[in-house]
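Take this structure, written in structure tokens, and hold onto it; I'll ask about it next.
Residues: numbered from 1 along the sequence shown.
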Amino acid sequence: MPDGASFFEEIDRLMLLHEKIAEIRCSTLLFQMCSDYLISIHQNEQSISEQSSPYVRDAISYIEEYFTSSITLDDLSQHVNISKYYLSHIFKQQTGSSPHEYLQNVRITNAKSLLHSSNDSVATIAEKCGFNSCTVFIQAFRKKEGITPLEYRRYYYKQLEE
């Protein structure tokens, strides 16, 4: 498989051919690129998980299980049985984000999945993902994704139609 710039040059070259075999080759290259990317993400997540302290792993498990509930730093620190200051410090050090940022990311990721797979209203999705209000959800989503949840849903369905 080509790497870096040569990959995109190969895609450009194949797209200019307008032949069925070129389309198949292009699809194969894009599939391979996406597969390699997903594998690298998975390996990175495993690496972080293996390097994390038991406190951080336990906090992450708790967040991922209870993200639909109201979770505070006090709740997390009580769950893992260490001070909230120490938990915040090691969590940020080992994951690159604060516990609150991690929780928001889990909620937004689940919201994106619901925006794809359901016809639920934005308010319903906000509630299902643990946001206190629809407004808070929309603001957090826009901050992370650069667009509102409704714009995201429209964009997703538009891409499916093309």
Side-chain angles (χ1 to χ4, degrees), residues 1-49 52 56 59-73 75-76 88 91-92 94-162:
M1 179 173 152
D3 61 336
S6 63
F7 172 82
F8 292 106
E9 290 169 1
E10 179 69 5
I11 294 287
D12 284 341
R13 186 185 70 72
L14 289 169
M15 289 176 70
L16 293 173
L17 294 177
H18 298 292
E19 298 173 4
K20 198 62 163 173
I21 194 75
E23 290 178 23
I24 293 168
R25 177 73 179 130
C26 214
S27 294
T28 302
L29 285 171
L30 290 171
F31 178 79
Q32 184 64 44
M33 182 180 81
C34 292
S35 296
D36 290 347
Y37 177 70
L38 291 173
I39 289 168
S40 73
I41 287 174
H42 179 71
Q43 289 171 340
N44 188 36
E45 286 175 351
Q46 280 184 325
S47 174
I48 288 172
S49 178
S52 297
V56 172
I60 287 172
S61 294
Y62 185 85
I63 288 170
E64 290 175 351
E65 184 172 349
Y66 297 105
F67 72 91
T68 59
S69 305
S70 176
I71 300 174
T72 65
L73 185 56
D75 296 333
L76 274 179
S88 290
F91 198 98
K92 176 85 173 183
Q94 294 177 17
T95 66
S97 62
S98 70
H100 178 73
E101 291 167 336
Y102 190 89
L103 173 61
Q104 289 288 78
N105 287 338
V106 169
R107 287 176 172 167
I108 300 266
T109 299
N110 280 279
K112 286 166 60 176
S113 177
L114 289 172
L115 287 165
H116 295 171
S117 65
S118 77
N119 291 324
D120 290 343
S121 69
V122 171
T124 301
I125 290 172
E127 185 180 326
K128 285 182 176 181
C129 292
F131 286 93
N132 293 336
S133 73
C134 187
T135 304
V136 170
F137 169 56
I138 292 169
Q139 288 171 345
F141 195 96
R142 182 185 296 231
K143 182 178 180 183
K144 175 135 177 45
E145 298 299 322
I147 56 176
T148 67
L150 196 52
E151 291 169 334
Y152 180 86
R153 177 180 268 167
R154 286 182 187 142
Y155 178 79
Y156 175 77
Y157 284 122
K158 183 180 175 189
Q159 294 303 310
L160 288 178
E161 292 172 359
E162 293 179 355

key: Distance-minimising heavy-atom pair for C134 and V122   = SG-CG1, 3.8 Å

key: Positive for side chain to side chain contact (heavy atoms under 4.5 Å, CB included) with L115, one of L150, I125, D120   =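 That would be I125.
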
task = Please assess I60 against Q94 for the test side chain to side chain contact (heavy atoms under 4.5 Å, CB included), listing each intermediate value before the final yes or no.
result = CA-CA 11 Å; I60 287 172; Q94 294 177 17; over 6 Å; no

inquiry  = Using only atom types and a distance under 3.5 Å, with no angle test, would you say the side chain of N105 pairs donor to acceptor with the backbone of Y102?
reply    = no

task = Could you tell me the separation between the OG1 atom of T109 and the NZ atom of K144, rounded to the nearest 0.5 Å?
result = 6.0 Å

note = Tightest non-hydrogen contact, residues R153 and S118, listed as NH2-O, 3.0 Å

task = Over all heavy atoms of both residues, which pair between T148 and R142 is shortest? Give the atoms and the distance, please.
result = CG2-NH2, 2.7 Å

inquiry  = Return the NZ to CD distance between K112 and E145, rounded to the nearest 0.5 Å.
reply    = 3.5 Å

key: Over 12 foreign heavy atoms within 6.0 Å of CD, E127   = no

ask   = Looking only at heavy atoms, what is the nearest atom pair of A126 and S133, with distance?
value =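 It is CB-O, 4.2 Å.
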
message = Let me confirm one number: the CZ-CG distance from R107 to L103, rounded to the nearest 0.5 Å.
response =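 Between R107 CZ and L103 CG, I get 4.0 Å after rounding to 0.5 Å.
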
Spacing of T95 atom OG1 and E101 atom CD [to the nearest 0.5 Å] =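 With rounding to 0.5 Å, OG1 (T95) is 8.0 Å from CD (E101).
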
query = Between T72 and D75, do the side chains contain an N or O donor and an N or O acceptor separated by less than 3.5 Å?
reply = yes

task = Would you give the length of the straight line joining atom NE2 of H100 to atom CG of L76, rounded to the nearest 0.5 angstrom?
result =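 Going from NE2 on H100 over to CG on L76, the span is 11.5 Å.
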
task = Please identify each residue that fulfils ring pair (Phe, Tyr, Trp, His ring centres under 6.0 Å) with F137, with sequence neighbours left out.
result =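 For F137, the residues satisfying ring pair (Phe, Tyr, Trp, His ring centres under 6.0 Å) (neighbours in sequence not counted) are F131, F141.
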
request  = Please tell me if the side chains of F91 and L73 come closer than 4.5 Å, counting only heavy atoms from C-beta onward.
outcome  = no

ask   = In this structure, are over 12 heavy atoms from other groups packed under 6.0 Å from Y66 atom OH?
value =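 Open: at most 12 neighbouring heavy atoms sit under 6.0 Å from OH of Y66.
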
